[in-house]
> 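Pasting a structure below so you can have a look.
Residue numbering restarts at 1 for every chain, and letters A, B, ... go by the order of the sequence lines. The structure presented is a predicted model; accordingly, all values stated were derived computationally and were not measured.
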There are 2 protein chains.
Amino acid sequence: MFEFGEERFFTSAITVDNVIFGFDDGEIKILLIKRGTTPFKGKWALPGDFAHPDEDLDFASARVLKELTGLSNVYLEQVQSFGHPNRHPDGRVITVAYFSLIKISDFALQASGWASGAQWMSLKDIPELAFDHNEILDACFSKLQRRVRVQPIGFELLPPKFTLTDLQQLYHAILLPPPDKSIDKRNFRKKILAMDLLIDLNELQEGVAHRPAKLYRFDPSKYRKLVESGFSFEV
Amino acid sequence: MFEFGEERFFTSAITVDNVIFGFDDGEIKILLIKRGTTPFKGKWALPGDFAHPDEDLDFASARVLKELTGLSNVYLEQVQSFGHPNRHPDGRVITVAYFSLIKISDFALQASGWASGAQWMSLKDIPELAFDHNEILDACFSKLQRRVRVQPIGFELLPPKFTLTDLQQLYHAILLPPPDKSIDKRNFRKKILAMDLLIDLNELQEGVAHRPAKLYRFDPSKYRKLVESGFSFEV
DNA sequence: TCAAAAGTGTTCTTATTACACCCATGG
DNA sequence: CCATGGGTGTAATAAGAACACTTTTGA
């Protein structure tokens, strides 16, 4: 089966790690788990697992996500692989990082063996994580920031009905504009409506102590067309 | 060392595969090798190797490049990992794909053990390759196309002195614009000179049967500043 | 003197930015 | 009636697209 000497390379393991982004309360949140097993038992970490022998990488990542959140058919994108020789104390472990976008409204935590707890954390409160997971998280957030300028994937993070202010806050939370060039409300609305991706539901917010905002939903068929034709979207 | 059962995952191998881009004669070329060992002995393939136990992925990719071309300090970017369970007949092998940009003028093929031959091939003449290397190549070329719109890395492919027409042909070869919207010469020059990345060498081409073009070189210090401030460049 | 590629500006159109007031609701 | 956030348009500026002729050289 092996060329001479080749078998000495078949001693590595592959994991996938998921940076699961959600949006709540005007902030981007990340779903972290408290590790239930060594190494780094008790530390916060990205949800991840070994890729099983018969699994493609994308499949492994989707499986981890499903085991933890119960969700499938979720936006999932491979970001980067990390392979420092000493990144894992048990041996040579290369990890393939993915990020996914989920609607927190859909979220219900699943019982899952390998995590003794899971929690949404704001980007600004991220503690020191197990392994090189802080570095992985940074790479994934950067990728999200770049991706959102070029594809309207932000919708993946919003509930089915949302207001234009929700959408603007989401872009604000992802792009983190400096205070001197915060996103202009009128220009943002003009641009987003010109894309013709939103459907006006002719419904209003209820129970707010101010003028109620109109609710929109997102038009997936137009979205698909736009993604295919590969447009550019800058806020 | 291992958690119970964990050792069954330490049976994979990691490789790196490099898509080495060059530019010559108005075309993007890729450096392929003819495999000297099984599997796929005698087939064309991307240059690649197993990541050694003590090597980071970036390092392994740079080593492959150096062994094959003698070059170091080359533009090298991780693109994507590929891990179909059956992509390698000898076992579970995940590969991490990189692309690199080299100046063909710097290139001198090195004798290297694992390739019985290496050759530059035009994108349009790529044969069926070993493993899933056609798929890897496509992903890397797409990434190059996206990267070049946002960072002026095209210069990495040109000789130290070049004309504006060389540069335009390079962009043409990467972006492959449809015939109805080919790159406009005047607008291209205006834009590229406005970026203030080129130094006019006050030299002219020699020995051409037409008006000789001015030669330019590229200013790496201004380039670094631009890359840091993260600009956007669309042709 | 001819063929071949180099070099050069202007106009039109489109996109981006900056900016301030009235409106509807619940408390 | 007040506080809160929702909703709206226009003018100025900047960026992008379209377009054709003259120049220099070697053969």
> Ignoring the backbone of Arg211(A), work out which of dT8(D), dT25(D), dC23(C) is nearest its side chain.
dC23(C)
> Side-chain N or O of Lys191(B) versus OP1/OP2 of dG16(D): is the shortest distance under 4.0 Å?
yes
> Could you state the CG-C1' distance from Asp180(B) to dA17(D), rounded to the nearest angstrom?
14 Å
> Rounded to the nearest angstrom, tell me the gap between atom CD in Gln205(A) and atom C1' in dG5(D).
9 Å
> Both Lys190(B) and Leu204(A) contact DNA chain D. Taking the nearest nucleotide for each, which residue is further toward the 5' end?
Leu204(A)
> Picking from dT10(D), dG7(D), dC19(C), which would you name as closest to the side chain of Ala213(A)?
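Nearest to the side-chain atoms of Ala213(A), counting from C-beta on, is dG7(D).
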> Please report the distance, rounded to the nearest Å, between CG in Asn187(A) and P in dC19(C).
11 Å
> Atom CG of Asp200(A) and atom P of dT8(D): how far apart are they, to the nearest Å?
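Spelled out: CG on Asp200(A) to P on dT8(D) is 10 Å.
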> Let me confirm one number: the OG1-CG distance from Thr163(A) to Leu204(A), rounded to the nearest 0.5 Å.
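One finds 11.5 Å between OG1 of Thr163(A) and CG of Leu204(A).
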> Classify the nucleic acid contact of Lys185(A) as base, sugar-phosphate or nothing, counting any heavy atom under 4.0 Å across all strands shown.
base
> Could you state the NZ-C1' distance from Lys181(B) to dG16(D), rounded to the nearest angstrom?
13 Å
> Could you give me the CA-CA distance, side-chain angles and deciding distance for Lys214(A) and Leu201(A), then say whether side chain to side chain contact (heavy atoms under 4.5 Å, CB included) is met?
CA-CA 8 Å; Lys214(A) 295 170 88 172; Leu201(A) 289 166; over 6 Å; no
> Atom CZ of Phe188(A) and atom P of dA18(C): how far apart are they, to the nearest Å?
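My rounded result for the distance is 17 Å.
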> Rounded to the Å, how far apart are Ile183(A) CD1 and dA18(C) C1'?
16 Å
> Could you give the distance from CD1 (Ile102(A)) to CG (Asn73(A)), rounded to the nearest 0.5 Å?
13.0 Å
> Please confirm whether the backbone N or O of Leu164(B) pairs with a side-chain atom of Tyr216(B), one donor and one acceptor, at under 3.5 Å?
no
> Taking all non-hydrogen atoms of both residues, which atom of Asp17(B) and which atom of Gly48(B) are closest, and how far apart?
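So the two residues come closest at OD1-CA, 3.5 Å.
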> Taking only side-chain N and O atoms of Thr165(A), does any of them lie within less than 4.0 angstrom of OP1 or OP2 on dG6(D)?
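Answer is yes, contact under 4.0 Å.
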> Which nucleotide in the set dA24(C), dT8(C), dC19(C) lies at the smallest distance from any side-chain heavy atom of Asp184(A)?
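For Asp184(A), the side-chain atoms sit closest to dC19(C).
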> Taking the minimum atom-to-atom distance to the side chain of Ala209(B), which one of dG9(C), dT25(C), dG26(D) wins?
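Comparing dG9(C), dT25(C), dG26(D) against the side chain of Ala209(B), the answer is dG26(D).
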> Between the base of dA20(D) and the side chain of Arg186(B), is one N or O donor paired with an acceptor at under 3.5 angstrom?
yes
> Looking across every strand, which nucleic acid part, if any, lies under 4.0 Å from Thr163(B) by heavy atom: base, sugar-phosphate, or nothing?
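Nothing, no heavy atom under 4.0 Å.
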> Measure from CG on Leu164(A) to C1' on dT8(D) and round the result to the nearest Å.
12 Å
> To the side chain of His210(A), which of dC19(C), dA24(C), dT4(D) is closest?
dT4(D)
> Let me spell it out: for each of Tyr216(B) and Glu206(A), pick the nucleotide of DNA chain C with the closest heavy atom. Which residue's pick is nearer the 5' end?
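Final value for this comparison: Tyr216(B).
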